[in-house]
Every structure is written in structure tokens, then in C-alpha cells.
Amino acid sequence: MIKQDDREYSFIKKVWTAGSIIAFIVVMLLLLRATFSVLLLILAGCLIAVYFRGLSDLIQRKTKWKEGLCLTISILGTLLLVVFLLWLIGAKVQAQIAELSDALPKTIEKTKEQLSQSPLGQKIVEKISSAKTQHQVQSLTQTFFKSTFGVLGDVYVVLFIGIFFTASPKVYKQGFIKIVPPAGKRKAGTILNDIGNNLKKWLKGKLFAMLVVFVLTSIGLAIMGMPMWLTLALIAGILNFIPNFGPLIALIPAVLVAFLQSPSTALWVAGLYIAVQVTESNFITPMVQQKLVSIPPALIIIAQLLIAPLTGGWGLVLATPLMVIVLELVKRLYIEKQESS
């Protein structure tokens, strides 16, 4: 027969055990929240390593050269290409960016003047000019451009993580597998390989889509005779990396610059950007996703809305690759287990 003291001791032990588990969960959640932005930087470094490794594998398949030589060509070739492009168009782009910086304030003032000529426009101007709206815009801007270690610090961390991951990915992969229980080591290795392949496929499709957007936008703006067309096209191509919100952000400076020419030019530019995005979203991306990675658009938007308030711009930029990882984990660790049971 169990004594009363033993029952009380058992109850107290259970309370302490439950309290310890809850405290551990709370601490882990707080730690995850505090370090989540750092985890995103690590993910960005992984993407850089995936790019270098993917390009190296392509070179190796075409040439049959050794892995080390192909990897060196991949890294140095990319860096040289970036330097060459900066040298080739850097001065022109820099001049156009300076012109864009000077033009935007004038465009905004001109837009306000034209809007003020109508009653509806006056209400819009008053709403935009209110202190509350400006505070909200400033708060949103600070959130978007929020960084972990400062912009240069983030770039430094991402580049070095990417270089280390590129140089010796097996070391980090095997190190991660070692902390997995023996029964799951094989499956963990398979999942890591699948995640790497999916990220490679997604990145390949995204880079192709960015190139298409840049080419189509630059052709359209050049035909219209738009000033700063090269800078605006580069902005459109680069920001296309950010799903959903990137094209909208790229549209704003283009329309403002076009407004300096005339309202009709601004409408033509807006139509061009919309046509390019419709083409990319309905033709280019579906065609690429048939062979690469398909992600439900709603999940990407949800991920961006959940992550961006915590991590700023990094959340918008890396929401899609994060969803690639999450979907693969859910598929391998939950869905396949349910189907097999």
C-alpha cells in the first residue's frame, strides 16, 4: 500500500517535471525568437553556397573536369563577372541613381500639386501628409530595412558563411548528422540532400525569372525613351527575387520618374510593369515550376507576413526558401509517416 508521504512526493515530482518542461519550452521559444534573424543569415549563406555548388556541378557535367577546378571557376568566374558588370555599367548606373535621387523629391511634389487640383486628390494629399501616416510609413520603412548586424555586417556574415559552406559542405552536413539519434541518421542525411536539391532547383528558377524580368523591362523602358531605364530595369530584376512585394516596390520609383515626363507616360510605365509581371507569373514561372520546384503562392505570402515583422527585409527576401525547407520537412517527417502507417 502506497503511503501518503510517497503520494505527496510523487505529486511534487510530477509538478517539478511539468514545470521544468514548460520552462524549457519557453526558453527555447525565446531563444528562437532572439536568434531567428541570425538563422536567416545562415540560410542566406546556404543559398550562396548552393549557387556556387550548382554552377560548379554544371561546369563539371559539361567539361568532366575535377571538382576543385570547377568550384574555383564557379567562384572566381562569378566574382569576375560581377566586377566586369560593375566596371561596364557602374559609372552609368551610378549617375542614373544620383539622377533618380534628385528626381524623386521633385516628382513627389509635382504629384501632390496635380492631385490637389481635385477634391478627392486633396483628401489623398492630406491623408498622406498627416503626421500619423508619415509615422506609419517611417515605422514600416525601419522594419523593412532592419538588419541584424547592420547592412555591411549582414553582408559580411552572409558572404563568409557562404564561402565556408561552399568550401567544405560535407563537414557541416556530417556534423549535423552526428547530433541526430542513431536511428534517424540515415534519414537525416537523405532529407538534407533533398533540401539541398530543392533549394538548387528553386534558385535556378528564380534567377531565370529575374533575368527575364530585367530583359523585358529594359527593352520596354528603352523603347519608351525613359530616362534612367537601365537603373530602373536593374531594380525590377533584382527586386523580383522578393515574391509578391518586390515587383510592387520596383514599380514605385519607375512610375514616379515617368510622372516627370507626363501622366500618360506614368500610365504606360505602370502598364509595362504589370504586363511583365503577368508574363512572368503566368507563363515563365509555371513553365519553370513544371521542371523545378512549385510552391503554393498563398503559403509564401503567409510566410512573408509572419516573418517580416520580426526580421525586416530578410524575412521578405528569404520567406520562399524557408518555405521550401519547411515543406520538405513536413513531407518527409509527417506526411510520408502518415501514409505509411
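Not measured: the values here are computed from a predicted model.
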Let's go through Lys187 and Val180 carefully: what are the C-alpha distance in whole Å and the side-chain angles of both, what is the deciding distance for side-chain contact (heavy atoms from CB on, under 4.5 Å) to 0.1 Å, and is it a yes or a no? CA-CA 10 Å; Lys187 189 171 185 177; Val180 177; over 6 Å; no

Shared hydrophobic cluster for Phe208 and Val278 (ILVMFWY, side-chain gaps under 4.5 Å): no

Heavy-atom distance under 4.5 Å between the side chains of Gln60 and Asp57, does that happen here? yes

My understanding is that only one of Phe160, Tyr172, Phe176 makes a ring-ring contact (aromatic ring centres under 6.0 Å, His included) with Phe165; could you say which? Tyr172

Same hydrophobic cluster for Ile223 and Val215, using side-chain heavy-atom links shorter than 4.5 Å among ILVMFWY? yes

Quick one: do Leu192 and Leu322 end up in the same hydrophobic cluster if we chain Ile, Leu, Val, Met, Phe, Trp and Tyr together by side-chain heavy atoms under 4.5 Å apart? no

Of all heavy-atom pairs between Ala44 and Leu318, which one has the smallest distance, and what is that distance? CB-CD1, 4.0 Å

Stepwise, does the side-chain contact (heavy atoms from CB on, under 4.5 Å) test hold for Leu43 with Ile325? CA-CA 10 Å; Leu43 176 58; Ile325 297 174; 3.6 Å; yes

In this structure, CD1 of Ile249 is separated from CG of Asn240 (nearest 0.5 Å) by 11.5 Å

Looking at side-chain heavy atoms only, is the closest gap between Leu329 and Ile195 below 4.5 Å? yes

Rounding to 0.5 Å, atoms CZ (Arg53) and CG (Leu58) come to a distance of 14.5 Å

Taking atom CG of Leu47 and atom NZ of Lys206, what is their separation to the nearest 0.5 Å? 12.0 Å

Does the pair Leu211 and Leu207 meet the rule for a side-chain contact (heavy atoms from CB on, under 4.5 Å), with working shown? CA-CA 6 Å; Leu211 178 63; Leu207 291 175; over 6 Å; no

Is Thr217 reaching over with its side chain to a backbone N or O of Phe214, donor-acceptor style, under 3.5 angstrom? no

Between Lys185 and Ile177, is there a donor-acceptor pair closer than 3.5 Å when you use the side chain of the first and the backbone of the second? yes

Any carboxylate oxygen within less than 4.0 angstrom of a Lys/Arg side-chain nitrogen, looking at Asp194 and Lys331? no

Separation of Leu272 CG from Met224 CE (nearest 0.5 Å): 4.5 Å

Regarding Tyr51 and Ser74, do their side chains bring together a donor and an acceptor under 3.5 Å, going by distance alone? no

What I want to check is whether the side chains of Lys173 and Asn193 have a donor and an acceptor closer together than 3.5 Å. yes

Please determine whether residues Leu39 and Ile48 belong to a single hydrophobic cluster, defined as Ile, Leu, Val, Met, Phe, Trp and Tyr linked transitively by side-chain heavy-atom distances below 4.5 Å. yes

Is the centre of the Trp202 ring less than 6.0 Å from the centre of the Phe241 ring? yes

To the nearest 0.5 Å, how far apart are CG in Leu232 and OG in Ser218? 11.0 Å

How far apart are the C-alpha atoms of Leu216 and Glu280, what are their side-chain angles, what is the distance that settles it, and do they pass the side-chain contact (heavy atoms from CB on, under 4.5 Å) test? CA-CA 10 Å; Leu216 293 179; Glu280 189 269 333; over 6 Å; no

Restricting to non-hydrogen atoms, name the atom on Val255 and the atom on Val269 that form the minimum distance, rounded to 0.1 Å. N-CG1, 4.4 Å

In Å and rounded to the nearest 0.5 Å, what is the CG to OG1 distance from Leu69 to Thr63? 7.5 Å

Heavy-atom pair with the smallest gap, counting every atom of Met226 and Ala254: CE-O, 4.0 Å

Kindly give the heavy-atom pair with the smallest separation between Ile59 and Cys70, and that separation in Å. CG2-SG, 3.9 Å

Check which hydrophobic residues are tied to Leu267 through side-chain heavy-atom contacts below 4.5 Å, counting indirect links as well, and list them. none

When you measure from the side chain of Thr166 to the backbone of Gly162, do you find a donor-acceptor pair of N or O atoms at a distance under 3.5 Å? yes

Closest contact, heavy atoms only, Ala250 versus Tyr273: O-CE2, 3.8 Å

Same cluster or not: are Leu81 and Leu76 linked, directly or through other Ile, Leu, Val, Met, Phe, Trp or Tyr residues, by side-chain heavy atoms under 4.5 angstrom apart? no

